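The first residue of the sequence shown is numbered 1, and numbering continues consecutively from there. Order of listing sets the numbers, starting from 1, for every ligand and every atom in it. Source: prediction; values computed, not measured.
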Amino acid sequence: MTTLHRAAGERFTLHLTLNGQRRSGEAEPRMLLCDFLRHELQAFGVHVGCEHGVCGACTVLLDGRAVRSCTQYAAQADGADIVTVEGLAEPGTLNEVQRAFAKHHALQCGFCTPGILCSVTHFLRDTPAPDEQQVRDMLSGHICRCTGYAPIVAAVLEAATAIRKGS
Ligand code: FES
Ligand code: FES
């Protein structure tokens, strides 16, 4: 029986790769991926805001693509490769995007930041030389109540340049 065809309430074990490490945890069929990552695997960098795919706070990388983990069941991630904000750089270091966010004060309370950083990672991989409008279009999938977005846009554009120079 696959993980997607379990009876309601039946608990089962999921196996996936989280930030480069093989991890397992218990889930129920209707458990959301964001809740599984936070409550079973203690990936507390996964923030949960709206819980219906609007705010972007829960965004993680699933097999390299940015996804909203509140719109996926945990069962759908069985066997997947997941990266959360905790896995974007080596522990104790910052990558180019994170350094640019710090330099431009692109976060205040930080609630939106982990999801935005995951989306930016995917975005810059697909769009290494974005213009401002492309960055704003990407950010339209994220709600930030603090910054007014301008410093985030500046940080993403600077990070794109830094990544291109470093590659
Ligand atoms: S908590 Fe997932 S999009 Fe808002
Ligand atoms: S920094 Fe507070 S919501 Fe974005």
Under-2.8 Å protein N/O/S neighbours of atom 2 (Fe) of ligand 1, ordered by chain then residue number: Cys58 SG, Cys70 SG
Hydrogens and angles aside, do Arg22 and Thr17 bring a side-chain donor and acceptor to less than 3.5 Å of each other? yes
Among Val48, Val46, Leu32, side-chain contact (heavy atoms from CB on, under 4.5 Å) partner for Leu37: Val46
Any salt bridge linking Glu40 with Arg11? Criterion: basic side-chain nitrogen under 4.0 Å from a carboxylate oxygen. yes
Any side-chain heavy-atom pair of His15 and Ser24 under 4.5 Å: yes
Pairwise side-chain contact, Leu88 with Thr121, heavy-atom cut-off 4.5 Å (strictly under): yes
Phe123 and Gln134: CA distance, side-chain angles, deciding distance, side-chain contact (heavy atoms from CB on, under 4.5 Å) verdict: CA-CA 9 Å; Phe123 171 70; Gln134 288 174 305; 4.1 Å; yes
Closest approach of Ala74 and Ala27, non-hydrogen atoms and distance? CB-CB, 4.3 Å
Apply the test side-chain contact (heavy atoms from CB on, under 4.5 Å) to residues Leu139 and Val153: give CA-CA distance (whole Å), side-chain angles for both, the deciding distance (0.1 Å), then the verdict. CA-CA 8 Å; Leu139 289 173; Val153 173; 3.8 Å; yes
Listed as residue and atom, the protein N/O/S atoms under 2.8 Å from atom 4 (Fe) of ligand 2 are Cys112 SG, Cys144 SG
Looking only at side chains, do Thr71 and His52 share a donor and an acceptor under 3.5 Å apart? no
